[in-house]
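Written out below as structure tokens is the structure these notes cover.
Everything numeric in this text was worked out from a predicted model, so none of it was measured.
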Amino acid sequence: MQEDHQIRLHSHPSLLDSYKFCSEIVPILSMPQTTMWMWKGSLPLLLLAAAVAAAAEPASTLEGPSRPVTVPLREDRGHAVDLPDTDPRVQRRVTGWAPEQIAVALSAAPTSAWVSWITGDFQMGGAVKPLDPGTVGSVVRYGLAADSLAREATGEALVYSQLYPFEGLQNYTSGIIHHVRILGLEPGTKYYYQCGDPAIPGAMSAVHAFRTMPDVGPRSYPGRIAVVGDLGLTYNTTSTVEHMASNQPDLVLLLGDVSYANLYLTNGTGTDCYSCSFAKSTPIHETYQPRWDYWGRYMEPVTSSTPMMVVEGNHEIEQQIGNKTFAAYSARFAFPSMESESFSPFYYSFDAGGIHFIMLAAYADYSKSGEQYRWLEKDLAKVDRSVTPWLVAGWHAPWYSTYKAHYREAECMRVAMEELLYSYGLDIVFTGHVHAYERSNRVFNYTLDPCGAVHISVGDGGNREKMATTHADDPGRCPEPLSTPDDFMGGFCAFNFTSGPAAGSFCWDRQPDYSAYRESSFGHGILEVKNETYALWKWHRNQDLYQGAVGDEIYIVREPERCLLKSSIAAYF
């Protein structure tokens, strides 16, 4: 019995602290009366401190569903302003073939990683000639010390173009984009590296460093995982990134809608919103690709030292001539697609310590007959929860947002995939798209379920589109069902509810029970997985940057003996 108590205490950090406190207090209470008087003044204060600490402890999903909370809207939230192209943080700071926009990404396992960068400048105009990718080599030199980069890896280079052969529109071709996968790394180890072409004078970068993920296993986890969506490149974005960097994450998940280049015309003039400023007579929805380069330059201090994993959003579609889409997204980022056997930049998986991450595509075929679904079935079947206890997924469009913006927009994806993910005991889902913050209770098929996933939407990264402030359950704000079709897949799945408090309606008339907390503020989240059972989630608002406050926090607790249905460890219980 004592051993069982020790296991439970060590599985929950706050319980362990309480245990230590009581073990110190009990001997004091047992003291002889002659010495007890010395503690009379301090004991009440100690007990009060313990009570305050207990009251301040984050809630836990073990306590059951939280009562829905909506934080009232503050007047200073709303529109954001983009950084101009004259801002020094987005201007090209290198010359010749020196690398810029350097970024690190994870491979499927901690023994390898990707390093990406760009050499040469982009071209913009009516007639552009792509650079030759073979002009500059793709080399990474790396090692365990900044002055000893004895190992070397080579990779591949490419360029992409965004073409609009219409009168008055301009074309774009990128600099040379390099991707190098470095192998044979030790887990949980800091590596120093340079990238570029050592055969060309001035074509190697400065020395950077990153740390690999801890070894795959149930008792090792990254210290902090930052989660953010819909970043863009505004002054609010800079606050989000500064705040996020101050939390010193070991890994960043970016859940789509990256640069918002498609909010600009090809002449560099910004539009007010995604669609309202494009006339119906416009032959194609333009995008101003230099905004991607601006974003990469601004983010380099973070991305060159902290691995970042990206999944596509709707703003990455960027249609061009020949109905080609996602050109910038597919070319600029490295993905563990080959390693995870998805062979797609839109969906893939990777391990980080005892966490198996699955990144899914809301803008690629997710039907049960499609390649993504078949890959997901195979990937889930290979997950061994005795090795990676945590199963975490990320994609762009949320399934359980209660804001009017994009309300039930991803319903067809939910209908297709939710049951499969539920059957494998999915723990947490991270999404973006809706420009506000929201955390759900454990939910499955719109019903509170102790084995359902916790859905967390962090589309509040700071982009220039307006903050989402209206809820679908606000009086008179429920959208019409026909206004929420799945435009990308051409389907319609969002019908009136058939059961529960909202039966017969398309929206609830109050904040739904599955919505635990919602607030319209810019910010980011930090996930700290403590062990096989407990993970602490914190959401940080930008306005709290210098106050040390946390907007929302909760312990997410796994119950594998209760909930795992198909995992290879289910038989263990």
(request) Establish, yes or no, whether the cationic atom of R477 lies under 6.0 Å from the six-membered ring centre of Y407 and within 45° of the ring axis. (result) no

(message) Is it the case that atom CD in E339 sees more than 12 heavy atoms from other parts of the structure closer than 6.0 Å?
(response) yes

(request) Compare all side-chain heavy atoms of S349 with those of W375 and state whether any distance is below 4.5 angstrom. (result) yes

(message) Distance alone, cut at 3.5 Å: any donor-acceptor contact between the side chains of E316 and Y363?
(response) no

(message) Any non-hydrogen side-chain atom of T237 less than 4.5 Å from a side-chain atom of F522?
(response) no

(message) With side chain to side chain contact (heavy atoms under 4.5 Å, CB included) as the test, pick out the partner of I284 among I321, L169, N323.
(response) L169

(request) List the steps, then state whether salt bridge (Lys or Arg N to Asp or Glu O under 4.0 Å) holds for R414 with E411. (result) CA-CA 5 Å; R414 186 195 68 81; E411 189 73 353; 2.9 Å; yes

(request) Check the pair R332, D293 against salt bridge (Lys or Arg N to Asp or Glu O under 4.0 Å), reporting the backbone distance first and the verdict last. (result) CA-CA 10 Å; R332 289 177 177 271; D293 295 283; 3.2 Å; yes

(request) Give a yes or no on whether the ring-centroid distance for F430 and W537 is below 6.0 angstrom. (result) yes

(request) Check the side chains of H524 and N247 for a donor-acceptor pair under 3.5 angstrom, ignoring hydrogens and angles. (result) yes

(message) Would you say the rings of F346 and F326 are close, in the sense that their centroids are separated by under 6.0 Å?
(response) yes

(request) Could you walk me through whether N267 and T269 pass side-chain hydrogen bond (donor to acceptor under 3.5 Å, both in side chains), step by step? (result) CA-CA 6 Å; N267 63 7; T269 303; 3.0 Å; yes

(request) Compute whether any side-chain donor of one residue and acceptor of the other, for H178 and T119, lie under 3.5 angstrom apart. (result) yes

(request) Output, in order, the C-alpha distance, side-chain angles, deciding distance and verdict of side-chain hydrogen bond (donor to acceptor under 3.5 Å, both in side chains) for Y348 and D379. (result) CA-CA 9 Å; Y348 56 88; D379 191 80; over 6 Å; no

(request) Can you measure from CD (E528) to OH (Y221) and round to the nearest 0.5 angstrom? (result) 14.0 Å

(request) Please examine the side chains of L106 and P336, heavy atoms only from C-beta on, and report whether any two atoms are closer than 4.5 Å. (result) no

(message) Quick one about D82 and Y260 (side-chain donor to acceptor, distance below 3.5 Å, no hydrogens or angles considered), yes or no?
(response) no

(request) Establish, from distance only, whether the side-chain atoms of Q289 and T287 form a donor-acceptor pair under 3.5 Å. (result) yes

(message) When you compare the side chain of I177 with that of Y160, does any pair of heavy atoms fall below 4.5 Å?
(response) yes

(message) Within a 6.0 Å radius of atom CD on Q91, are there more than 12 heavy atoms belonging to other residues, nucleotides or ligands?
(response) yes

(request) Check whether any side-chain heavy atom of Y329 sits under 4.5 Å from a side-chain heavy atom of V258, and report yes or no. (result) no

(request) Check whether any side-chain heavy atom of W539 sits under 4.5 Å from a side-chain heavy atom of I456, and report yes or no. (result) no

(request) Quickly, which of M308, H179, E312, M309 forms a side chain to side chain contact (heavy atoms under 4.5 Å, CB included) with F333? Name it, please. (result) M308

